[in-house]
2 protein chains.
Amino acid sequence: MASSTEENYLKILFNLTHEKGEVNISELSSQLGVSMPTVNSMIKNLQKSDLVHYEKYKPVTLSEKGKKTAALIVRKHRLTEMFLVNKMGFGWEEVHQIAEQVEHIHAPKFFERMDEMLGFPTVDPHGSPIPDKHGRMQELHYKNLSQVKPGNQVILVALADSSSDFLEFLNSRKLKLGMELKILSKETYDQSMIVSYENQQSETLSEKVCEKLLVRSVE
Amino acid sequence: MASSTEENYLKILFNLTHEKGEVNISELSSQLGVSMPTVNSMIKNLQKSDLVHYEKYKPVTLSEKGKKTAALIVRKHRLTEMFLVNKMGFGWEEVHQIAEQVEHIHAPKFFERMDEMLGFPTVDPHGSPIPDKHGRMQELHYKNLSQVKPGNQVILVALADSSSDFLEFLNSRKLKLGMELKILSKETYDQSMIVSYENQQSETLSEKVCEKLLVRSVE
DNA sequence: AATATTTGTTAGATAGATCTAACTTTGTAC
DNA sequence: GTACAAAGTTAGATCTATCTAACAAATATT
């Protein structure tokens with residue numbers, strides 16, 4: 001069984017694979033906050049356990065076994081976040097650090113009970129999909145708000161950044177998942193957007209923010 | 001901050017101190033499932049961090065700092081067990097292994113929320129006291145059933161053994177905390193007792209079992 | 001009291017996860 | 001296409017938590 005450390009490598013490998021497609025040693029190194037030689041030697045371990053494919057100087061990829069293992073850790077993380085928000089009254093900006101620890105607990109029944117109590121959710125509080133108990137995750141490819149043309153109306157369905165800083169920013173602007181957003185205009189100079197929502201509130205959102213807001217069109 | 005390993009040493013030290021008064025290296029060794037030299041060296045570490053007092057060939061004792069640290073770990077363990085039973089529908093025989101992992105999570109708010117949701121319980125599902133958030137634990141000194149004379153009536157309030165084997169045995173005899181028990185007779189040969197309870201059910205309980213059932217007199 | 005048993009200690013080895021320093025390979029830029 | 005920068009690797013050290021083997025102290029037994 002993988003150690004917590006190995007589980008973290010697999011999880012980050014899984015997330016980076018979905019975000020950027022390719023994962024190299026230096027990216028892992030900075031995401032994990034450890035030196036490159038450390039990553040290098042750990043990747044060799046994971047390779048010995050058939051969890052990753054690796055060739056010198058090439059990007060690292062998860063094996064099928066590694067993908068499944070990683071997906072099940074991500075599942076535990078996201079179920080935990082959902083449980084903390086929906087059953088324990090935490091704000092979405094508070095749950096990441098806790099889930100980061102709970103995800104390493106080995107107790108299938110514990111997570112099955114969470115799942116049941118939550119009514120088998122398919123996404124977490126940040127709109128990220130929750131892999132099923134076999135480690136299968138539906139790939140969701142949403143547009144981000146910065147690609148939407150002024151005049152259009154969309155629904156905020158997920159976030160490309162779940163850092164507490166960003167979540168607190170969204171709280172301060174009363175932005176929540178599920179909201180209908182109307183793009184009023186876009187500034188050509190800095191790509192910032194003026195967006196109105198819900199109770200006619202309207203806000204200016206920088207390009208940096210718009211890129212992290214994932215949306216789908218209103219049917 | 002103490003590692004999970006150190007936390008386990010402190011917790012077992014705390015529990016053994018309350019159960020047996022004195023704690024020696026060999027007892028720790030068998031309870032933790034590690035060799036005596038390992039315990040010896042870890043105790044020296046804990047001593048450096050002022051968590052225990054130790055002199056060669058003498059029993060180990062917790063310092064004030066160690067007591068508090070240990071009590072807070074026990075608090076997390078017992079709150080978790082209570083949460084699993086009362087809020088997540090687990091049986092009392094299933095929760096120990098899970099709590100064993102959850103107790104090492106560093107997230108004060110997580111346990112405060114559990115505490116609130118549970119209505120600030122003072123004992124866990126096995127009747128053991130839950131230390132408060134300052135690490136203070138009320139000492140409960142219950143009699144055990146084997147010391148009760150035939151003819152008397154008592155209430156089952158706690159267990160001196162929370163192993164799943166014992167808990168499953170209690171399940172099979174429908175024994176639960178809070179039940180009123182009447183001692184009908186005691187066998188002089190093997191100290192086994194015939195006890196009746198609730199719906200007039202009556203059972204023979206061996207001395208070994210009676211010693212693990214903690215009771216108080218009916219007022 | 002002498003001896004045997006249990007308990008505890010010391011020394012030295014190992015495995016996991018990390019680091020720094022030094023070197024190599026790959027990719028980029030002029 | 002050489003040269004520089006970025007990315008990756010190797011070697012060797014460190015720290016934690018563990019082990020076994022050998023020895024020493026304390027306790028129990030006769």
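Below, chains carry the letters A, B, ... as their sequence lines are ordered, and counting in each starts from 1.
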For atom [atom1] of [X] and atom [atom2] of [N], their distance in whole Å:
{"X": "B:E7", "N": "D:dA17", "atom1": "CD", "atom2": "P", "value": "11 Å"}
{"X": "A:E55", "N": "D:dT9", "atom1": "CD", "atom2": "C1'", "value": "15 Å"}
{"X": "B:E22", "N": "C:dT7", "atom1": "CD", "atom2": "P", "value": "13 Å"}
{"X": "B:K58", "N": "C:dT7", "atom1": "NZ", "atom2": "P", "value": "18 Å"}
{"X": "A:L28", "N": "D:dG8", "atom1": "CG", "atom2": "P", "value": "9 Å"}
{"X": "A:L32", "N": "C:dC19", "atom1": "CG", "atom2": "C1'", "value": "15 Å"}
{"X": "B:M36", "N": "D:dA26", "atom1": "CE", "atom2": "C1'", "value": "12 Å"}
{"X": "B:I25", "N": "C:dG8", "atom1": "CD1", "atom2": "P", "value": "6 Å"}

> Just checking, is any N or O donor in the side chain of B:S146 or B:K212 under 3.5 Å from an acceptor N or O on the other one?
Replying inline: no
>> Can a side-chain donor-acceptor contact be found between B:H106 and A:Q97 if the only test is distance below 3.5 angstrom?
In response: no
Does [X] make a side-chain N or O approach to OP1 or OP2 of [N] shorter than 4.0 Å?
{"X": "A:K56", "N": "C:dT24", "result": "no"}
{"X": "A:Y9", "N": "C:dG16", "result": "no"}
{"X": "B:S35", "N": "D:dT18", "result": "no"}
{"X": "B:T38", "N": "D:dA17", "result": "no"}
{"X": "A:Y54", "N": "D:dG8", "result": "no"}
{"X": "B:N40", "N": "C:dT9", "result": "yes"}

>> Nearest 0.5 Å, please: how far is NE2 in B:H126 from OG in B:S162?
In response: 4.5 Å
> So which one's nearest nucleotide on DNA chain C is more toward 5', A:S3 or A:Y57?
Replying inline: A:S3
> How would you label the contact of A:K44 with the nucleic acid (heavy atoms, under 4.0 Å): base, sugar-phosphate, or nothing?
Replying inline: sugar-phosphate
Side chain of [X] only, heavy atoms from C-beta on: which candidate in [options] is closest?
{"X": "B:M42", "options": "D:dT10, C:dA17, D:dT18", "result": "D:dT18"}
{"X": "B:T5", "options": "C:dT18, D:dA17, D:dC19", "result": "D:dA17"}
{"X": "B:V34", "options": "D:dA17, D:dT18, C:dC19", "result": "D:dT18"}

> Can you find a pair of side-chain heavy atoms, one from B:F110 and one from A:L84, that are under 4.5 Å apart?
Replying inline: yes
> According to the interplanar angle, ranging from 0 to 90°, do the rings of B:F14 and B:H18 count as parallel (below 30°), tilted (30 to 60°) or perpendicular (above 60°)?
Replying inline: tilted
